[in-house]
Amino acid sequence: MLRIAEDVPAKLSARTRLFDTTQGRKTDPADAHCIAIAALRAYGLRQVVVDDVTVVLKLLVDRRDELGRARTEALSRLHHLLLELVPGPRCGSAASATCWPPD
């Protein structure tokens with residue numbers, strides 16, 4: 001029986017990692033494997049419940065990320081348009097902004 005969303009204590013997954021074939025290296029895939037094995041073999045683990053607040057927070061964070069990407073894209077487009085409209089030398093970086101404003 002596969003149990004999903006179990007709260008596996010760190011000590012339990014660390015003990016499982018000792019018997020894993022990854023020579024004790026701690027990597028994300030190895031951790032995921034050890035946690036899955038510990039969750040399958042242990043009984044009485046607390047089940048993780050996703051509450052409404054967590055779902056709302058995830059939606060808000062995702063939306064904030066989308067807005068940040070949209071803002072960056074808009075600024076990049078505006079910058080590109082301004083480079084086409086304003087004649088003069090091109091500045092390669094903020095450090096070389098001595099060529100701005102054009103004479």
Side-chain angles (χ1 to χ4, degrees):
M1 178 172 116
L2 180 61
R3 294 175 303 191
I4 299 174
E6 298 288 338
D7 187 16
V8 178
K11 285 185 180 183
L12 184 59
S13 63
R15 268 189 247 138
T16 307
R17 191 179 308 112
L18 292 175
F19 299 107
D20 199 26
T21 59
T22 59
Q23 289 84 28
R25 290 191 308 262
K26 190 170 181 340
T27 62
D28 288 342
D31 280 350
H33 184 254
C34 292
I35 290 169
I37 289 175
L40 285 173
R41 296 187 177 163
Y43 292 99
L45 294 176
R46 184 176 65 92
Q47 218 167 9
V48 176
V49 179
V50 179
D51 56 350
D52 294 337
V53 174
T54 305
V55 173
V56 169
L57 285 175
K58 177 163 178 19
L59 290 172
L60 287 172
V61 167
D62 290 347
R63 180 63 179 147
R64 183 192 63 192
D65 291 344
E66 289 173 12
L67 290 172
R69 281 190 296 274
R71 178 184 179 274
T72 302
E73 289 173 7
L75 287 174
S76 186
R77 283 194 305 270
L78 177 63
H79 182 256
H80 182 73
L81 288 172
L82 288 174
L83 286 176
E84 290 178 0
L85 293 175
V86 177
R90 307 290 174 158
C91 299
S93 67
S96 65
T98 56
C99 62
W100 186 260
D103 294 331

Participant: Anything under 3.5 Å between a donor and an acceptor, one on a side chain of residues 67-76, the other on a protein residue two or more places apart or in another chain? List them.
Facilitator:
{"unit_1": "Thr72", "atom_1": "OG1", "unit_2": "Gly68", "atom_2": "O", "d": "2.9"}

Participant: Counting only pairs under 3.5 Å, give me each side-chain donor-acceptor contact of residues 55-63, with atom names and distances, residues two or more places apart or in other chains.
Facilitator:
{"unit_1": "Lys58", "atom_1": "NZ", "unit_2": "Asp62", "atom_2": "OD2", "d": "3.0"}
{"unit_1": "Arg63", "atom_1": "NH1", "unit_2": "Glu66", "atom_2": "OE1", "d": "3.3"}

Participant: Report the residues that fulfil side-chain hydrogen bond (donor to acceptor under 3.5 Å, both in side chains) with Thr54, sequence neighbours left out, ordered by chain and then residue number.
Facilitator: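 side-chain hydrogen bond (donor to acceptor under 3.5 Å, both in side chains) list for Thr54, sorted by chain: Asp51.
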Participant: Of the options Leu81, Leu82, Leu83, which is the one that meets His79 in a side-chain contact (heavy atoms from CB on, under 4.5 Å)?
Facilitator: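 With His79 as partner, Leu81, Leu82, Leu83 yield a single side-chain contact (heavy atoms from CB on, under 4.5 Å), made by Leu83.
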